[in-house]
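Below, read A as the first sequence line, B as the second, and so on, with proteins coming before strands; counting in each chain starts at 1.
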Amino acid sequence: MLSKLPTSLPPHLALKFIKVYSNSGDLQRARHLFDKIPQPDLPTWTILISALTKHGRSLEAIQYYNDFRHKNCVEPDKLLLLSVAKACASLRDVMNAKRVHEDAIRFGFCSDVLLGNALIDMYGKCRCSEGARLVFEGMPFRDVISWTSMASCYVNCGLLREALGAFRKMGLNGERPNSVTVSSILPACTDLKDLKSGREVHGFVVRNGMGGNVFVSSALVNMYASCLSIRQAQLVFDSMSRRDTVSWNVLITAYFLNKECEKGLSVFGRMMSEGVGLNYASWNAVIGGCMQNGRTEKALEVLSRMQNSGFKPNQITITSVLPACTNLESLRGGKQIHGYIFRHWFFQDLTTTTALVFMYAKCGDLELSRRVFSMMTKRDTVSWNTMIIATSMHGNGEEALLLFREMVDSGVRPNSVTFTGVLSGCSHSRLVDEGLLIFDSMSRDHSVEPDADHHSCMVDVLSRAGRLEEAYEFIKKMPIEPTAGAWGALLGGCRVYKNVELGRIAANRLFEIESDNPGNYVLLSNILVSAKLWSEASETRKLMRDRGVTKNPGCSWIQVRNRVHTFVVGDKSNDQSDEIYRFLDYMGEKMRIAGYLPNTDFVLQDVDQEEKEEVLCNHSEKLAVAFGVLNLNGESSIRVFKNLRICGDCHNAIKFMAKIVGVKIIVRDSLRFHHFRDGLCSCQDFW
DNA sequence: ATAGGGTTAG
């Protein structure tokens, strides 16, 4: 068909054909025809560009608009600018948004309410409140839509107080808010947890009879759930005359946010039995809600029901369930989800990719974590933070510092989480001076005020480097009340550097502010035992018993094929327990020949030397490592996880084992990852 | 012409 058309149509005919093709949605042909016209006139440009925008082909619309500007022979009309403004809004394209605004001024459309409103909306979607305000303030006449768009823009930009201000001001300026205004403004109250303003808006809704609008009433449910209580939210929900899927979704989310999983699930059940249509957000609200409340199993169960109901997990579903692999440290499951993400092109999404980076890091594979991060084309504060935290967890402080520099250089603003990440990296790599410099630069260069966590990180930086007196001085000079984190860091340092005096001070503070944490009693007792202060050590353990505090049982686990195998000290319940102990015996001989000396400091009981060595050989981490080595299946590395800190003797023994067996052994304890390879550990024995 | 719900880091 196309080839039979004459190559150059007379202009009026070309316009007619482009119109026909555009209206029928055949934009390929419309473009084809358009491209052949040597000098299109204004109506032709306008028809094509507005058709492209209307059919969601915003990128092409903007390209043609830039062509149009380049040729510079015709002036744009209002309709053309309106279309391009819409295109910029849908792509959140600030750069071209500014061009449209410029043209509107240059060609004298500033006083037009219709175009002005479109420009405000465009800037709002682009999250550029300055632009929107310029347009808004330059308008000679403003209607409800101008005010509503301005308020929406403020909400989009996170300027919630300003949004409420606009709502209040519009009444004074003689414009009455409508239901759209109200449903735009209520999320501001919700996010601010501002019950007073929320009630004020609710009053307005009642006085003006807007309660029947589902947008408005659903927003009210959300507001009450966030500002007052789930009960009040339920009351508003019950009084609604009309409810749609979104209203139900709001209620479900509210219950999960309030940690009432069973109620959330039962609302979801009612939704199904009452025949309310479910959509993706409904499923995602339940799955995400379960995940947020630690109900991983339930989340996975709902996920499979979702799939059985004909909903394919979408990008948000996947991002919600990915932390299941992160928390279960299931590298296998995580890789499967990565495959799904790859096949469905979800990897373009920042949130999803960030969750992937974190999953790989927490599952012990920093290399894959880096690889995913390096492929990201756009990075925000959270994604940079995630990579920084990932490298810090693995003890690569230098790399964390480099990432931090790169982040700042690329113009992404660090927040308080960034600094917790960087500083903990410094503490794991003995970067004391660097840590101090970063800490000092926080408020000066980045306007982030150091909080209690940052101070604790600094105590950790100093303590881990053995500068215990300085760490103690730092605590004493802190402008805020030192938390358990700060004293805990000092106590940890005292354990490594065997400082009884400061250890006692730190522990005694911890026994007051964190009296139920068994770890503190155990740490002090360990310090006292290694100083041979047996009776004081047993007093500490007595104090712990008297207070009813019980030691957390240490346990280690490892995933082999599809199963997680868990070990406690002296465990003999594994199918392969006999082999494990035989293997450890055999290893023990080889290790001794290689120069390994058992470090019996780590045995608490006052027993004789031989017995102490016996006790050391059955620590859960050694059992899990042995099991991993026995079940290598051709892998060159194994990953073991432990709930408590790795024991010092185990740390030493695993170095020897990695060398003798010739594999990479990765152990994650409660504080960080240790990469054992060829007789050395990545933490440089600094843990 | 302007409107609501589901996702990532400590």
*Residue A:T253, side-chain atoms from C-beta onward, closest of B:dT7, B:dG6, B:dA9*: B:dG6

*asked:* Let's test your reading of the model: under 3.5 Å, does the base of B:dG4 pair with the side chain of A:S218 as donor and acceptor?
replied: yes

*At under 4.0 Å between heavy atoms, what does A:V214 touch on the DNA or RNA strands: base, sugar-phosphate, or nothing?*
base

*Going by distance alone, is a donor N or O of one side chain under 3.5 Å from an acceptor N or O of the other, for A:S463 and A:D460?*
no

*Round to the nearest Å and state the distance from A:N293 atom CG to B:dT7 atom P.*
12 Å

*Taking the side chain of A:V180 as heavy atoms from C-beta outward, which of B:dA3, B:dG6, B:dG4 is closest to it?*
B:dA3

*Rounded to whole angstroms, how far apart are CD1 on A:I145 and C1' on B:dA3?*
12 Å

*Determine the contact category for A:L114: base if any of its heavy atoms lies under 4.0 Å from a base atom, sugar-phosphate if only primed atoms, P, OP1 or OP2 are that close, otherwise nothing.*
base

_Using the side-chain heavy atoms of A:S247, tell me which of these nucleotides is nearest: B:dA1, B:dT2, B:dG4._
B:dG4

*Of the nucleotides B:dT7, B:dA3, B:dG5, which has the atom closest to the A:I316 side chain?*
B:dT7

_Are more than 12 heavy atoms, taken from residues, nucleotides or ligands other than A:R168, located less than 6.0 Å from that residue's CZ atom?_
yes

*So what does A:S416 hit on the nucleic acid, given a heavy-atom distance under 4.0 Å: a base, only sugar-phosphate, or nothing?*
base

*Mind calculating the distance between CG (A:L403) and P (B:dG10) to the nearest angstrom?*
16 Å

*Can a salt bridge be assigned to the pair A:E274 and A:R270 using a cut-off of 4.0 Å between side-chain N and carboxylate O?*
yes

*Starting at CG of A:D349, measure out to CD1 of A:I341 and round the result to the nearest 0.5 Å.*
9.5 Å

*Output the single nucleotide from B:dG5, B:dT7, B:dA3 whose closest atom is nearest the side chain of A:V246.*
B:dG5

_Nucleotide B:dT8, atom P - distance to CG of A:D380 in whole Å_ = 13 Å

*Does the B:dA3 base have a donor-acceptor partner in the side chain of A:N178 within less than 3.5 Å?*
no

*asked:* Between the base of B:dG4 and the side chain of A:D244, is one N or O donor paired with an acceptor at under 3.5 angstrom?
replied: yes

*Please state how far atom NZ in A:K125 lies from atom C1' in B:dA1, giving the value in whole angstrom units.*
10 Å

*asked:* Check this for me: does any side-chain nitrogen of one of A:R295 and A:E301 sit under 4.0 Å from a carboxylate oxygen of the other?
replied: no

_The side chain of A:Q315 is closest to which nucleotide in this list: B:dG4, B:dT7, B:dG5?_
B:dT7

_Atom-to-atom span, CG of A:L251 to P of B:dG6 - whole angstrom_ = 13 Å

_Nearest-angstrom distance from the residue atom OH of A:Y280 to P of B:dG5_ = 20 Å

*Would you indicate what A:T245 reaches in the nucleic acid, counting non-hydrogen atoms under 4.0 angstrom: base, sugar-phosphate, or nothing?*
base

*asked:* If you only use heavy atoms from C-beta on, which nucleotide in B:dG6, B:dG5, B:dA3 is closest to the side chain of A:S152?
replied: B:dA3

*With respect to the side chain of A:N213, which nucleotide from B:dA9, B:dT7, B:dA3 is positioned closest?*
B:dA3

*asked:* Can you tell me whether the side chain of A:T386 and the base of B:dA9 have a donor-acceptor pair closer than 3.5 Å?
replied: no

*Ring centres of A:W147 and A:F167 under 6.0 Å apart?*
no

*Side-chain donor or acceptor of A:N249 under 3.5 Å from a matching atom on the base of B:dG4?*
no

*Looking only at side-chain atoms of A:D349, point me to the closest of B:dT7, B:dA1, B:dG6.*
B:dT7

*Determine the minimum heavy-atom distance between A:T190 and A:N222, stating which atoms define it.*
CG2-O, 3.8 Å

*Considering only B:dG5, B:dA3, B:dT8, which nucleotide approaches the side chain of A:N222 most closely?*
B:dG5

*For A:L220 and B:dA3, what is the distance between atoms CG and P respectively, to the nearest whole Å?*
18 Å

